[in-house]
Amino acid sequence: MNNIKKLYYGAAYYDEYLPYDRLQADMEMMKKAGINLIRIAESTWSAWEPKDGEFDFSHLHRMLRASKNAGIDVIVGTPTYAIPPWLARKYPDILADTHHGRERYGHRQNMDITHPGYLFHAQRIIRRLLKEVQQYPHVIGFQIDNETKPYDTCCPRVQQRFTEYLKKQYPDINDFNQEFGLNYWSNRVQDWADMPDVRGTINGSLAAEFEQFQRNLVTEFFCWQAAIIREYARPEQFITHNFDFSWRNYSYGYQPDVNQYDAAQYLDIAGSDIYHPSEDHLTGAEIAFGGDLTRSLKQDNYLILETQAQGNHGWLAYPGQLRLQAFSHLASGADCVEYWHWHSIHNAIESYWKGILSHNLKENATYRECVTIGADMKRLTNDLLHLKKHNKIAMLMSNRSNTAFRYFPAGSINDQNTIVRWLYDAFYRMNLEMDMISDTQIDPAALADYDLIVLPSVYSMPKILTEHLDSYVKNGGHLLAALRSAFADEHLKIYADDQPYGLTECFGMTYDQFTHPDHTSLSGTAVSFAAKPSLSDWMELLIPKDGHTEVIARYDHPYWNEYAAVTHHTYGKGSAAYIGCYFDSASLESVLNVLMERFHITVPKEHFPLIRKEGRNQNETAIAYFFNYSNDCIDYTVPYHGTELIGNTPVYEQDTIRLKPWEFHILKQTSCHFTADE
């Protein structure tokens, strides 16, 4: 259900954090900036319930009354991700017992989300909060919790639940021992009562299965909270959540602790929090990656519930970058851009994670740029709302493979997201947009909607998935896999067969040895490298199965040069390519350019730092965004007759238009010889 009727531009707002009463002043400043949405309530359980069973919603009603009078809509968050101190005192074991021991009170998200006491009090505060907000018609939706995860809960109760989970899968305990290889080092379990503490296991398969179980706990938590909210929500009110991503000082890759595709089933609209570098380091890649993933969770438009205004140290945007960032979110399919947060906080750990306003709470350069963004979003709502993508490339996401890389690294690469972003960012720079599909929700018929499926080191692959991919290629699809794909089953048990398992005929090659690429490069007649490729961490010695397999690149090495590094193979009506090593990004683009030709996929002439994103709006009109992510001027060619919406000026097919540094244009098609999808 997507009842969003306009583009939303907003910020998280915390009246209870402010050093003095300025609620009316804030509402006036928001209206001036075109802010038409605030998110409230998700962070302050201790304000709503200062003592056990004693409630105080005075700040809540102040914010709701003021926002109603200002014509600003509201998303109400359930405040369950940060427990009050009295709750930790009441139930000392409510703090999660993890691989590293018992949590201590102070930081957020330190509790066991399965604890009966936590669930009792969380349900009580949710119900009381929802009753308080029922009377306000401008509350448009509810956010479940905040960036929810299992918080590595490993207490005896959770481990007993894990044992019951295993018993259902393996009624015969001997099957369990065989599947997980527990004869190794005398780990065999002959009686379920003998199941040891999983925190001590050296068995990667068992450890990974426990992490899968923990992800299931998050899905259950979403189901539980959503059911409570639906008892109170009006039909037009939506439920969302702000999913986050793996973190490398900013949003980086797929979140390993949550199966977001499963959890999103309980939401009406998916949402996410995307943070990224700025200034000279702004590329838009994190905005695009996070947007593509969030849009793909429900194959629909989504909400950006948190992103940076001034943000963390070093994230202060150059003039024009805040506008570029906001519209970059819309270009990926967002219907809302919301900042964390409105005002900078004057104490505690996030004091220097700055909001729109600085600590003096006055207008500043960031605020003044927000005014222009809000005005343009309001003016262009009808043209930019509900942008739909029709991408023909999809990347396959896999929680289990992400887990596998931590237990079984590829050299020093202990995070599958390194490979995910290596591939994704190359496609992004080449302006090849993509969806992201889940390995747990594969619909064989839906695969046929895509011209190309990309496997970013999908190490863990059930047999049924290899069969689906094999059929996909036979029937005319194209498949691109990176190193270590299809190596182990869903329990990380390595297949006792030729690699990549079940797909050697499809790829037209196999391998049985791999090593570290010391003093090794790439060479080949099919691909031209601008510079000598630089390999690191991992290389597989690929052996073509027959003369029909094309070797795109070989290893440039006195001993390994007989082996292929990159191959392409026609199979049935389609084809498959395999990249057996990890190397520099520029050389990867050279390889991908050749492979896209083999896959009959046209590579756009635009290239980063000129980024082009396309789709159709709610009126089925073609929309094209052109972004300049650089300090230099860049020219682009107009794809069709239409209107440039920011300047409201006509444009004509094949015109050349210049973008200034960090500038963007939005083109709306009015008439043309071809469409944005062709």
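Side-chain atoms are counted along with the backbone in the values below, which use heavy atoms only and exclude waters and symmetry mates.
- Looking at His386 and Asn617, their side chains never bring a donor and an acceptor atom within 3.5 Å of each other.
- Taking the six-membered ring where the residue is Trp, the centroids of Phe289 and Tyr424 are separated by under 6.0 Å.
- Shown here are the side chain to side chain donor-acceptor pair (under 3.5 Å) partners of His329, two or more places apart in sequence or in another chain: there are none.
- The salt bridge (charged side-chain N to carboxylate O under 4.0 Å, His left out) test applied to Glu286 returns Arg421, not counting sequence neighbours.
- Atoms OH and CD, on Tyr367 and Gln310 in that order, are 13.5 Å from each other to the nearest 0.5 Å.
- A donor-acceptor contact closer than 3.5 angstrom links the side chains of Tyr318 and Asp280.
- Between Phe222 and Phe243, the ring center distance clears the sub-6.0 Å criterion.
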Stepwise, does the ring-ring contact (aromatic ring centres under 6.0 Å, His included) test hold for Phe507 with His568? CA-CA 7 Å; Phe507 286 113; His568 175 263; over 10 Å; no
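- Each salt bridge (charged side-chain N to carboxylate O under 4.0 Å, His left out) pair with one or both residues in residues 237-248, not counting sequence neighbours, appears once here: Lys149-Asp244, Arg248-Asp415.
- Between Ser590 and Val527 the shortest heavy-atom distance is O-CG2, 3.6 Å.
- Judged by distance alone, the side chains of Tyr261 and Ser296 never bring a donor and an acceptor atom under 3.5 Å apart.
- In this model, a donor atom of one side chain and an acceptor atom of the other lie less than 3.5 Å apart for Ser332 and Lys613.
- At a cut-off of 3.5 Å, with distance as the only test, no side-chain donor of Ser251 or His276 sits close to an acceptor on the other residue.
- Side-chain N/O atoms of Ser630 and Asn628 include a donor and acceptor closer than 3.5 Å.
- Looking at residues two or more places apart in sequence or on another chain, you find a salt bridge (charged side-chain N to carboxylate O under 4.0 Å, His left out) between Lys32 and Glu363.
- For Trp422 and Phe427, the ring centers are positioned 6.0 Å apart or more.
- The side chain to side chain donor-acceptor pair (under 3.5 Å) check on Tyr428 picks up nothing, with sequence neighbours excluded.
- With hydrogens and angles left out, the side-chain atoms of Ser246 and Asn417 include a donor and acceptor closer than 3.5 Å.
- Residue Met395 holds its CE atom at 10.5 Å from CD1 of Ile437, rounded to the nearest 0.5 Å.
- Of the N and O atoms on the side chains of Tyr636 and His665, at least one donor lies less than 3.5 Å from an acceptor on the other residue.
- The closest donor-acceptor contact from the side chain of Ser460 to the backbone of Ser401 lies at 3.5 Å or more, if one exists at all.
- The structure places CG of Asn475 at 10.0 Å from OH of Tyr571, a figure rounded to the nearest 0.5 Å.
- Counting heavy atoms from C-beta outward, Met461 and Leu469 have side chains that approach closer than 4.5 Å.
- Using modelled atom types, one finds no donor on one side chain facing an acceptor on the other under 3.5 Å when comparing Lys31 with Asn36.
- Scored by the ring-ring contact (aromatic ring centres under 6.0 Å, His included) test, Tyr9 finds Tyr339 as partners (sequence neighbours excluded).
- In summary, Glu589 and Arg429 engage in a salt bridge, as defined by a charged side-chain N under 4.0 Å from a carboxylate O.
- Under the ring-ring contact (aromatic ring centres under 6.0 Å, His included) criterion, Tyr625 pairs with Phe627, sequence neighbours left out.
- Of the possible polar contacts, none joining the Glu338 side chain to the Ile304 backbone as a donor-acceptor pair under 3.5 Å is found.
- The existence of a salt bridge linking Glu306 and Arg39 is confirmed by a sub-4.0 Å separation between a basic side-chain nitrogen and an acidic carboxylate oxygen.
- Residue pairs satisfying the side chain to side chain donor-acceptor pair (under 3.5 Å) criterion with at least one member in residues 447-458, sequence neighbours excluded, are listed as follows: Asp435-Tyr450.
- Take Asp376 and apply the salt bridge (charged side-chain N to carboxylate O under 4.0 Å, His left out) test, not counting sequence neighbours, and it matches Arg323, Arg379.
- For the residue pair Thr637/Gln654, the side-chain donor-acceptor check at 3.5 Å is not satisfied.
- The minimum heavy-atom distance between Arg616 and Ala622, with the atom names listed, is NH1-N, 3.7 Å.
- At distances below 3.5 Å, not a single donor-acceptor pair connects side-chain atoms of Asn631 with backbone N or O atoms of Pro661.
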Could you check Gln237 against Asn3 for side-chain hydrogen bond (donor to acceptor under 3.5 Å, both in side chains), going step by step and ending with a plain yes or no? CA-CA 8 Å; Gln237 291 175 313; Asn3 288 327; over 6 Å; no
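- Side-chain atoms of Asp73 and Tyr8 include a donor-acceptor pair closer than 3.5 Å.
- For the atom pair CD1 (Ile419) and CG (Leu423), the distance works out to 7.0 Å, reported to the nearest 0.5 Å.
- With values rounded to the nearest 0.5 angstrom, Leu330 atom CG is found 12.0 Å from Asp383 atom CG.
- Listed by chain and residue number, Asp470 satisfy the salt bridge (charged side-chain N to carboxylate O under 4.0 Å, His left out) test with Lys474 (two or more places apart in sequence, or in another chain).
- Remark: the Thr670 side chain and the His641 side chain contain no N/O donor-acceptor pair separated by less than 3.5 Å.
- Asp145 and Thr148 form a side-chain donor-acceptor contact under 3.5 Å, judged by distance and modelled atom types alone.
- Listed by chain and number, the residues in a ring-ring contact (aromatic ring centres under 6.0 Å, His included) with His569 amount to none (sequence neighbours excluded).
- At least one donor-acceptor pair closer than 3.5 Å links the side chain of Asn301 to the backbone N or O of Gly333.
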Report the C-alpha distance between Gln325 and Thr307 in whole Å, list the side-chain angles of each, state the deciding distance to 0.1 Å, and finish with yes or no for side-chain hydrogen bond (donor to acceptor under 3.5 Å, both in side chains). CA-CA 9 Å; Gln325 293 163 195; Thr307 191; 5.7 Å; no
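- Once rounded to the nearest 0.5 Å, the distance linking CG of Leu297 with CE of Met436 reads 10.0 Å.
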As a quick check of understanding, evaluate salt bridge (Lys or Arg N to Asp or Glu O under 4.0 Å) for Lys388 and Asp300, giving each step before the final call. CA-CA 8 Å; Lys388 300 299 183 186; Asp300 203 355; 2.8 Å; yes
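- Of the possible donor and acceptor atoms, one in the side chain of Asn391 sits under 3.5 Å from a partner among the backbone N and O of Met434.
- With hydrogens and angles left out, the side-chain atoms of Asn242 and Glu42 include no donor and acceptor closer than 3.5 Å.
- Side-chain N or O atoms of Asn399 include none that pairs as donor or acceptor with a backbone N or O of Arg215 at under 3.5 Å.
- With hydrogens and angles ignored, the 3.5 Å screen pairs no side-chain donor or acceptor of Lys378 with any backbone N or O of Ile373.
- Judged purely by atom type and a 3.5 angstrom limit, Thr570 has no side-chain atom pairing as donor or acceptor with the backbone of Ser575.
- Every ring-ring contact (aromatic ring centres under 6.0 Å, His included) that His341 has, sequence neighbours left out, goes to His343.
- Side chains of Ser278 and Gln308: a donor on one and an acceptor on the other come within 3.5 Å.
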